[in-house]
Amino acid sequence: MNLFTRKMRLLTAVVLDEDKEKVVKNLLSYGVMDFIHIEGLDPEQMKKIHKDEGSGSTSELSEYRIRIENLLEQADHRIPALSSSDLESTDVLDLDKLRRFIERLTLSTQSIKDRQRIVNQRYLTHEEMLRYIDEKKNDYLDLRVGSVPSRSEDFAMRLRQLGSVVDTDGLSIAVLSFKRESSRVDDLFDKFHWTESSDVEDQKGAMLKMKADLNILIEDDKKDMDALKKEVKDKIGERIDDLEKAWLNVRIHELCGSVESYFSYTKNTTLLSGWVPDDEYQKVYQAIIEATDGRCIIEAKDATEMDRESVPVSMSSPKVLKPFEHLVNNYGTPEYGSINPTPFTAISYIVMFALMFADLGQGFVLLLVALIGTWQYKRNPLRKDGLISRYLCSLLMFLGPASMVGGLLFGSCFGYSWIPALWFNYHSVVNGHGGNGFVNDIYDILGITIKFGIVIIFLALVLNWINLFRKKRYFELIFDKNGLVGGAFYAIGIYIGFGFVASGYKSMPNPSWLVPSLVVLVLMVFLSEPVDYVIKLRKGHKEKVSQLVINTLMESLITLLEIFSGFLANTLSFMRVAGLGIAHVSLMTAFQDMADMTGNVVFGTLIIIVGNVLVIVLEGLSAGINSLRLNYYEFFTRFFTGRGFAYEPIGLNGRRKAN
């Protein structure tokens with residue numbers, strides 16, 4: 001793992017048109033090149049260069065690929081994985097033939113799908129009726145009992161076509177329908193000379209019979225839908241080999257077209273350019289050499305020679321940390337050459353969650369959910385993400401053990417102090433039963449989380465200083481509120497705060513160096529604008545001296561206010577870590593008291609089980625959200641700009657980069 005984003009090189013190559021196809025396939029095989037359009041050439045050279053639209057539109061190919069994937073999905077068949085050998089076996093793509101193949105296969109299943117729609121509509125109708133009966137919403141339903149003089153089977157069939165449920169018992173007929181269909185149903189009653197029964201008992205008995213019938217009908221509908229789904233699956237399965245072959249061919253041509261869309265051309269040559277990681281450069285270089293037998297020109301430019309904002313960013317985090325890299329990417333992409341936040345995010349997130357949701361038993365439940373969910377998704381790769389998604393399962397694989405470690409430290413298991421605490425007993429401290437001499441009350445717990453927050457904020461400041469130094473932004477490194485001056489103010493503020501607490505909240509510490517240090521720091525804040533003025537003056541920017549004076553006063557006062565209020569608010573914000581931990585213990589204590597009040601072992605056990613379930617769901621969610629919030633707003637804002645853009649290579653099994 002690299003602590004910083006991966007080093008990149010811009011590779012530009014000129015190859016003969018006759019070698020273009022081999023070059024494209026070799027580059028796709030490696031899949032590490034993030035292609036860009038060739039820009040910035042001399043205008044005279046640009047006149048000789050043109051773009052080639054290619055023989056086929058990649059959007060059209062994408063449409064065909066998606067249609068094939070839909071057919072494969074209906075057959076419960078996985079989308080095949082591409083390999084380098086598939087590049088060599090690619091056939092010439094006949095779009096008309098492909099279209100006819102897809103349309104014929106789609107039409108062959110159309111009649112089955114029409115039946116599926118009918119059965120699905122019938123199922124929804126029956127389910128809605130049953131729900132209204134269960135919820136006693138009889139105003140939406142119309143139940144009638146009676147008879148018709150003749151053609152009762154024809155009468156029942158016509159009613160079922162309108163979505164009614166019909167039950168016949170000898171000459172007596174019960175009809176359940178929606179009141180919204182009453183006009184159409186009444187027309188049928190009139191047509192077949194319906195005679196209404198006046199027996200109230202018939203009505204009551206008919207409603208019970210209808211409910212039983214609906215349950216049977218719903219089960220029959222489900223069986224019909226499963227049978228039709230299998231019929232579609234078998235129908236498509238007959239052509240599964242042809243579908244796989246068509247998908248591979250279309251996908252390869254789509255990827256080739258995507259790569260070629262970045263190419264530019266002269267009369268006989270092809271020009272291509274793209275970013276590759278420094279550690280992959282030699283592979284790409286050799287791939288182009290092999291494809292052209294050396295008949296090419298390749299140039300490489302180091303990313304340090306270019307504006308960092310134009311360089312794509314790749315973070316080389318270990319696979320095990322991918323869930324936390326996802327959290328980072330949700331916030332933004334770091335700038336090129338800056339620190340990779342993923343490992344620091346992983347540590348801070350896990351520790352925060354463990355402090356807020358510390359319970360050995362409940363953590364084991366989270367781990368068990370993660371293991372079962374991961375196993376289910378691996379067992380059925382085509383399964384769509386549910387409430388507990390693949391990503392959540394991968395995150396819980398870390399958070400479950402973190403919670404278990406927290407439970408061991410604080411002696412908590414399913415809300416009870418069943419195990420000895422390795423650090424201090426959280427339940428005893430929160431409930432006022434004393435601690436271990438080091439942590440005795442809630443204020444001590446708040447103090448722990450504030451100290452943890454100070455460590456996190458100082459870590460963010462150090463990461464910011466490293467980033468600014470690497471970017472050679474020395475002015476910000478020194479004078480910014482998150483620079484050295486801001487860090488010095490924060491360190492002195494922490495010293496004063498802890499000194500005040502140590503004195504029993506009676507006096508502030510006053511060493512000989514304190515006032516001179518503060519004066520120097522305040523002067524540096526006021527000097528930041530004049531220093532910036534001199535720097536801009538040397539670069540040719542002009543500004544009135546009066547404007548400089550106003551800016552110095554206003555900006556310096558605002559900066560001092562931001563340093564004081566910002567650092568104070570950010571530090572105190574970490575008390576929410578203690579707050580969630582205390583709330584977790586308090587909730588479990590409340591459920592235990594409720595269980596004891598019942599005086600019944602069965603009811604008491606049930607309350608404890610329900611309480612644990614509620615705490616795991618609600619407190620677990622709250623702890624996860626607050627850990628994320630503290631990372632994003634108290635940690636990232638100190639060093640992470642999120643101004644970069646992601647490295648997106650085009651490869652056989654990678655996502656397609658948008659043009």
Side-chain angles (χ1 to χ4, degrees), residues 73-76 106-237 383-384 386-387:
E73 185 178 352
Q74 291 174 50
D76 287 337
T106 303
L107 284 172
S108 69
T109 61
Q110 191 59 49
S111 61
I112 307 173
K113 290 179 181 177
D114 291 339
R115 282 150 51 201
Q116 280 182 315
R117 279 194 292 271
I118 293 171
V119 173
N120 187 59
Q121 183 59 48
R122 193 170 67 210
Y123 167 76
L124 293 175
T125 299
H126 293 156
E127 193 180 49
E128 185 180 5
M129 283 181 170
L130 184 61
R131 187 173 70 253
Y132 286 155
I133 292 174
D134 290 337
E135 295 175 358
K136 302 188 183 308
K137 294 181 178 179
N138 296 328
D139 291 342
Y140 295 97
L141 299 173
D142 187 15
L143 177 65
R144 301 174 71 170
V145 181
S147 61
V148 293
S150 62
R151 295 162 52 199
S152 60
E153 291 184 3
D154 189 23
F155 175 63
M157 181 190 71
R158 297 282 295 276
L159 282 169
R160 290 188 181 103
Q161 289 175 347
L162 295 178
S164 300
V165 177
V166 183
D167 182 84
T168 57
D169 184 10
L171 296 176
S172 178
I173 302 174
V175 179
L176 180 67
S177 57
F178 291 111
K179 283 194 174 178
R180 58 177 181 255
E181 299 288 344
S182 59
S183 61
R184 298 169 68 188
V185 172
D186 288 343
D187 289 343
L188 274 178
F189 283 165
D190 293 340
K191 183 176 180 179
F192 283 84
H193 307 292
W194 170 265
T195 302
E196 192 83 18
S197 172
S198 58
D199 191 339
V200 177
E201 293 301 321
D202 285 349
Q203 291 278 344
K204 292 180 180 179
M207 181 60 79
L208 293 174
K209 188 71 167 61
M210 281 296 176
K211 184 174 181 180
D213 287 348
L214 282 169
N215 282 307
I216 295 171
L217 288 170
I218 287 172
E219 289 303 315
D220 290 341
D221 292 338
K222 289 178 179 178
K223 291 177 182 177
D224 290 342
M225 286 190 291
D226 290 340
L228 289 169
K229 184 179 179 181
K230 184 178 183 303
E231 195 174 339
V232 171
K233 180 179 177 180
D234 293 342
K235 192 74 174 177
I236 298 174
R383 180 180 178 181
K384 294 182 179 178
L387 183 63

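Here the structure is a predicted model, which is why all the values come from computation and not from measurement. Reckoned from all heavy atoms, side chains included, excluding hydrogens, waters and symmetry mates.
Scanning for side chain to side chain donor-acceptor pair (under 3.5 Å) contacts around E153 gives an empty result, with sequence neighbours left out.
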What verdict does the side chain to side chain contact (heavy atoms under 4.5 Å, CB included) test give for K137 and L141, after you've listed the backbone C-alpha separation in whole Å, the side-chain angles of each residue and the deciding distance to 0.1 Å?
CA-CA 8 Å; K137 294 181 178 179; L141 299 173; over 6 Å; no

Report the C-alpha distance between D154 and F192 in whole Å, list the side-chain angles of each, state the deciding distance to 0.1 Å, and finish with yes or no for side chain to side chain contact (heavy atoms under 4.5 Å, CB included).
CA-CA 9 Å; D154 189 23; F192 283 84; 3.8 Å; yes

Please determine whether salt bridge (Lys or Arg N to Asp or Glu O under 4.0 Å) holds for the pair D226 and K222, giving the CA-CA distance in whole Å, both sets of side-chain angles, and the decisive distance to 0.1 Å.
CA-CA 6 Å; D226 290 340; K222 289 178 179 178; over 6 Å; no

Check the pair D134, K211 against salt bridge (Lys or Arg N to Asp or Glu O under 4.0 Å), reporting the backbone distance first and the verdict last.
CA-CA 9 Å; D134 290 337; K211 184 174 181 180; 3.1 Å; yes

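Put simply, CD1 on I173 and OG1 on T168 are 7.0 Å apart, with the number rounded to the nearest 0.5 Å. The CZ atom of R122 lies 11.5 Å from the CD1 atom of I218; values are rounded to the nearest 0.5 Å. Going from atom CD of E219 over to atom OH of Y123 covers 8.5 Å, rounded to the nearest 0.5 Å. N138 contributes atom CG, which lies 7.5 Å from atom CD1 of I133 (distance to the nearest 0.5 angstrom). Taking CG from L214 and NZ from K209, the interatomic distance works out to 10.5 Å, rounded to the nearest 0.5 Å. The distance from atom NE2 of H126 to atom CD of Q121, rounded to the nearest 0.5 Å, is 10.0 Å.
Considering every non-hydrogen atom in both W194 and V148, the closest pair reads CE3-CG1, 3.9 Å. Taking every heavy atom of both residues into account, I112 and L228 meet most closely at CG2-O, 3.7 Å.
Other residues, nucleotides and ligands place no more than 12 heavy atoms under 6.0 Å from the NZ atom of K191. At most 12 heavy atoms of other shown residues, nucleotides or ligands fall within 6.0 angstrom of atom NZ in K229. Counting heavy-atom neighbours within 6.0 Å of E181 CD, excluding the residue itself, gives a total above 12.
Between M129 and Y132 there is no side-chain heavy-atom pair separated by less than 4.5 Å. Two residues are said to be in side-chain contact when any heavy atoms from C-beta on lie closer than 4.5 Å; V185 and K179 fail this criterion. With contacts defined as side-chain heavy-atom distances shorter than 4.5 Å, the pair R144/F189 qualifies. With contacts defined as side-chain heavy-atom distances shorter than 4.5 Å, the pair V232/I236 qualifies. Using a 4.5 Å heavy-atom threshold, the side chains of R131 and E135 count as touching.
Side-chain contact annotation: Q110 with D114, donor-acceptor N/O pair under 3.5 Å present. A donor and an acceptor atom, one from each side chain of K235 and Q74, are nowhere located under 3.5 Å apart.
Between R180 and E128, at least one side-chain nitrogen of the basic residue sits less than 4.0 Å from a carboxylate oxygen of the acidic one, meeting the salt-bridge criterion.
Only one option out of L143, D142, L188 pairs with S177 in a side chain to side chain contact (heavy atoms under 4.5 Å, CB included); it is D142.
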Cut-off 3.5 Å, no hydrogens considered: what does the side-chain donor-acceptor table look like for residues 156-166, sequence neighbours left out?
unit_1	atom_1	unit_2	atom_2	d
R160	NH2	V166	O	3.3

